[in-house]
Amino acid sequence: MKRKHNFKELQIWQKSRSLVKDIYKLTSDFPQSEIYGLVSQMRRASVSIPSNIAEGTGRKTNKEFSRFLEIAYSSALELETQLYLSFDLEFIIESILEEFLVKLDELQKMISSFDTKVLSENF
């Protein structure tokens with residue numbers, strides 16, 4: 001089956017994959033008591049972003065692909081909330097929060113823009 005998009009070539013997939021690595025590094029310093037709590041949630045949310053982008057490329061219609069991009073976007077919002085909670089709980093400092101918020105904002109804008117493009121394309 002020929003795919004409409006090769007997810008490995010998509011910049012949003014590459015950036016989100018890098019974000020997963022950053023989140024894993026960040027959460028490795030969280031308290032051990034959070035391993036099944038916030039750490040697990042943040043890691044799952046971050047992994048969901050590139051996973052849904054990749055899965056969406058295998059769908060047959062633009063509308064289906066768009067749905068997976070929406071899920072990836074929602075996971076980015078979930079991760080954003082979890083970063084704020086990490087700051088509130090004093091697991092991260094403000095400069096780290098800001099660094100990750102900038103990365104997430106850029107990724108969210110890219111996903112949204114790409115979704116608009118996917119919906120306007122005729123395959």
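We count residues from 1, following the sequence as given. Quantities reported herein were computed from a predicted structural model and do not represent experimental measurements.
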Check whether any side-chain heavy atom of [X] lies under 4.5 Å from a side-chain heavy atom of [Y], and answer yes or no.
X   : Y    : value
K21 : R17  : no
S66 : N62  : no
M42 : L83  : yes
F87 : I96  : no
T57 : W13  : no
L69 : F114 : yes

Starting at [atom1] of [X], measure out to [atom2] of [Y] and round the result to the nearest 0.5 Å.
X    : Y    : atom1 : atom2 : value
Q41  : E34  : CD    : CD    : 10.5 Å
E94  : L101 : CD    : CG    : 9.5 Å
L26  : S86  : CG    : OG    : 7.0 Å
E80  : E78  : CD    : CD    : 11.5 Å
I111 : T116 : CD1   : OG1   : 12.0 Å
Q11  : L107 : CD    : CG    : 10.0 Å

[X] and [Y]: same hydrophobic cluster, using ILVMFWY side-chain contacts below 4.5 Å?
X    : Y    : result
L10  : L104 : yes
M110 : L119 : no
L97  : L19  : yes
Y73  : I49  : yes
I93  : F30  : yes

Take I12 and S16 through the test side-chain contact (heavy atoms from CB on, under 4.5 Å) and record every step on the way to the result. CA-CA 6 Å; I12 58 172; S16 61; 5.8 Å; no
Can you check whether [Y]'s main-chain N or O pairs, donor with acceptor, with [X]'s side chain at less than 3.5 Å?
X    : Y    : result
S112 : Q108 : no
S48  : R44  : no
S40  : G37  : no
E64  : T61  : yes
S113 : K109 : no
T81  : L77  : yes

Tell me whether the guanidinium CZ or amine NZ of K103 lies under 6.0 angstrom from the six-membered ring centre of F100 and within 45° of its axis. yes
With a 6.0 Å cut-off on the ring centroids, do F7 and F65 count as close? no
Could you identify which residues cluster with Y24, counting Ile, Leu, Val, Met, Phe, Trp and Tyr as linked when any side-chain heavy atoms lie under 4.5 Å apart, either directly or through a chain of such contacts? V20, V47
Which heavy atom of S75 sits nearest a heavy atom of A45, and at what distance? CB-O, 3.6 Å
